[in-house]
Structure formats: structure tokens, C-alpha cells
Amino acid sequence: MNEELTLTILGGVDKDGVPEPVKFVEVSKGEIIGIVGPTGSGKSTLIDDIEQLAQGDTPTGRSLLINGKRPDAVIRVDPRKKLVAQLSQKMHFLADMTVVDFLHMHARSRGKGPELVDRVIELANTLTGEPISPDHYLTVLSGGQSRSLMTADIAVISDSPVVLIDEIENAGIKKQEALRLLSGEGKIVVVVTHDPVLALMASRRIVIRNGAMMDIITTSREEQDVCGRITQVDNWLMSLRDTIRRGEIVEELA
């Protein structure tokens, strides 16, 4: 894949057929971009357009470009050449195989070496409070473990250069670390979120209303400072949740 990969979204129309105010969004390798807006505003529709690499053939009329060009038709339909991976809040494995067998199979299918398997498991265990063993069967993993494993797998083994994340704030994983891991591996990360921490982690955020891209806001230095402060509170809340899950007593709240 091109080292200078870019993803371009060309605007279409809103729910009433009116042209979107934002005509053009270009996202570069390693960038985190947020999608924000009220419930029902059309955030997931934008994610769907990106996942399909829409070419003016969806209800929104949007088109997607890869490195400034329309993608080859085969890329849109051949799962082996898929450019976009998706990580959602609701996901569980159906395959009755062990974690290590699954990762070895995926690595082989991508033409990659078995040495990556241990790295995936190690990274996955930095994202979940419930340790994942190589011998665990996929079907017994919790939702948080499943999403942690898939996040690490997408970062290390998957060839998909674009990752779509749909509202993982309550998905049972360390969300900030997950976004940093994916962007640090050079992925373009597009995250739909209501979470202020994730929204302000993004370098920019697309504002959606009535099915339209209404605005693009670049995260300011002041917002980055705010993100740092609320991240401290968010980390404390996660620590508190872990304490309660372990059946321990919460002795102080300061």
C-alpha cells in the first residue's frame, strides 16, 4: 500500500436532497478523525459510505477516493483486497478455534510470519483488563476481550489501511490506547463517537446534522488541554470500575 495513503470523501446530499455544506474531506495516513452529531443525524451512514467506498451509488451520493483516484471496482467487492476494516461496539467471534490458531491462520492468509502472533496477543492484553490466553477459545472471549483482540489484529496483521470505529466508548476496552495503537501503526482511523475524550483526541471532527457533513472542526490547543484533563477523570473512572468488578471495596473517592 502506498506509504502516502490518503482517503478523500466527496460530499453528496443530506436527507432532504440538499447538497452538503462540506464538499471535500481528505484524511491522511496515521490521522484520527472523529464523526460527531446527535443520535440519528447520519453518522453511521457516513461510516457505511466509507466502508463501501461509495461511488455516488448510495442514497447520500457521496464518493470516496484513494490517493486521489477512484478505487478499482475489484477492491470494493473482493474481501481479500479490502481496504477498510471495521471495529464496532457489538462484536463476538463465531469460530470455534483457539486465539493462537485464529491468529496463525490470519497471518498465513496475509502472507505474514508467525512471529506476529505473540505481538498481537501482547498488545491485546494492554487494551483489556481481562487477560487473553493463546489457548482461549474465541467463543468464550468476552465482548471486551474480543474487541481488544481484533483491535490488535487489525493493527498488526491486517492489511486494511483504513479502520472505522463505531462508538466503542462502552465496549469494555481501553479506548484511548486502542486509537493510539491503530494510528501509531499508520492506519487512517475514523471514529464515530459521543465521547468527549475520543472526539478531542481526533485531529479533526466532522459535524453531522440531518444526514449532512455540516462542518469540519480542527482540534485546538485549548481543546487538547481540556482533553488531557478529562482523560485523567476518565482513567480514574475506569480504575474505579475495575476495582468494583474485582469485588473490592472503594475506600476513597478523591
Side-chain angles (χ1 to χ4, degrees), residues 7 9 11 14 20-22 25-52 60 62 64 84-91 126-129 143-144 146-152 154-155 160-185 187-238 241:
L7 174 74
I9 307 168
D14 68 10
E20 295 184 89
V22 174
V25 182
E26 184 173 280
V27 193
S28 300
K29 176 183 176 183
E31 183 177 0
I32 302 172
I33 189 162
I35 302 176
V36 300
T39 299
S41 59
K43 300 186 299 297
S44 293
T45 300
L46 176 54
I47 283 286
D48 290 342
D49 284 343
I50 298 171
E51 197 275 334
Q52 298 174 54
T60 66
R62 294 181 183 122
L64 277 293
V84 181
Q86 189 159 6
L87 182 67
S88 68
Q89 187 163 284
K90 298 177 182 178
M91 63 174 299
T126 68
L127 303 178
T128 176
S146 297
R147 284 179 285 273
S148 297
L149 182 62
M150 285 310 302
T151 299
I154 289 170
S160 301
V162 181
V163 183
L164 308 179
I165 301 178
D166 196 355
E167 298 188 12
I168 63 163
E169 43 259 45
N170 298 312
I173 71 173
K174 297 177 181 177
K175 55 199 178 186
Q176 300 159 55
E177 286 85 344
L179 263 62
R180 292 191 186 102
L181 170 62
L182 292 166
S183 63
E185 291 292 327
K187 308 287 185 179
I188 289 174
V189 181
V190 183
V191 56
V192 173
T193 187
H194 296 286
D195 188 313
V197 174
L198 298 186
L200 296 179
M201 276 185 67
S203 58
R204 294 175 291 161
R205 55 192 186 272
I206 301 171
V207 180
I208 304 289
R209 285 199 300 272
N210 194 38
M213 298 186 291
M214 298 297 296
D215 196 7
I216 304 176
I217 300 174
T218 299
T219 304
S220 66
R221 178 60 61 87
E222 290 76 15
E223 287 181 326
Q224 291 173 8
D225 291 341
V226 170
C227 183
R229 294 199 297 272
I230 60 177
T231 293
Q232 293 178 343
V233 175
D234 195 65
N235 289 340
W236 177 78
L237 287 172
M238 179 170 285
R241 283 193 293 268

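Worth saying up front: this structure is predicted, and the values here are computed from it rather than measured.
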Handout entry: Nearest atoms (heavy-atom pairs only) where I208 meets G42
Key = CG2-C, 3.8 Å
Fill in the blank from the handout: Rounded to the nearest 0.5 angstrom, the CD-OG distance for E51 and S44 is 12.0 Å
Exercise for the section: Return the set of residues passing side-chain contact (heavy atoms from CB on, under 4.5 Å) with D234 (not counting sequence neighbours), or none when no residue passes. Expected result: K175, Q176, V197
Problem - Pairs meeting criterion salt bridge (Lys or Arg N to Asp or Glu O under 4.0 Å) with involvement of residues 35-44, two or more places apart - result: none
Handout entry: Minimum side-chain heavy-atom gap T151-L87 below 4.5 Å
Key = yes
Completion exercise
Interatomic distance, SG@C227 vs CE@M201, rounded to 0.5 Å, equals 6.5 Å
Handout entry: Heavy-atom closest pair, residues A202 and G34
Key = CB-N, 3.5 Å
Problem - Flag side-chain contact, heavy atom, 4.5 Å: T126 against K174 - result: no
Handout entry: Side-chain heavy atoms of L182 within contact of I165, under 4.5 Å
Key = yes
Handout entry: Pairwise distance CG(L200) to CD1(I230) - rounded to 0.5 angstrom
Key = 5.5 Å
Handout entry: pair S203-I32: side-chain heavy atoms closer than 4.5 Å
Key = no
Practice task
Nearest 0.5 Å please: distance from the CG atom of D14 over to the CG atom of N210.
Solution key: 4.5 Å
Problem - Test log, rule side chain to side chain contact (heavy atoms under 4.5 Å, CB included), inputs L181 and L179 - result: CA-CA 5 Å; L181 170 62; L179 263 62; over 6 Å; no
Practice task
Report yes if the side chains of V163 and I188 come closer than 4.5 Å at any heavy-atom pair, otherwise no.
Solution key: no
Problem - Atom pair OG (S41) and CD1 (I35), whose distance is rounded to the nearest 0.5 Å - result: 9.5 Å
Practice task
Can you see which heavy atom on G211 is nearest to which on E20, and at what distance?
Solution key: O-OE1, 4.0 Å
Exercise for the section: Compare all side-chain heavy atoms of T39 with those of H194 and state whether any distance is below 4.5 angstrom. Expected result: yes
Handout entry: Within-4.5 Å side-chain heavy-atom neighbours: Q52 and I50
Key = no
Handout entry: L127 CG to R180 CZ distance, which is reported to the nearest 0.5 Å
Key = 11.5 Å
Practice task
Verify side chain to side chain contact (heavy atoms under 4.5 Å, CB included) between R205 and T219, making sure each step is shown before the conclusion.
Solution key: CA-CA 8 Å; R205 55 192 186 272; T219 304; 3.8 Å; yes
Fill in the blank from the handout: Note: A199 and V36 closest approach over all heavy atoms is CB-CG1, 4.1 Å
Handout entry: Residues which pass side-chain contact (heavy atoms from CB on, under 4.5 Å) with V25, listed by chain and number, not counting sequence neighbours
Key = I9, V22, V27, I33, R204, I206, M213, I216
Problem - Note, S160 side chain near V84 side chain (heavy atom, < 4.5 Å) - result: no
Practice task
Not counting sequence neighbours, which residues clear side-chain contact (heavy atoms from CB on, under 4.5 Å) with S220? List them please.
Solution key: E222, E223
Handout entry: Listed partners of T231 passing side chain to side chain donor-acceptor pair (under 3.5 Å), at least two apart
Key = none
Practice task
Output all residues satisfying side-chain contact (heavy atoms from CB on, under 4.5 Å) with T60, sequence neighbours left out; order by chain, then residue number.
Solution key: T45, D49, T58, R62
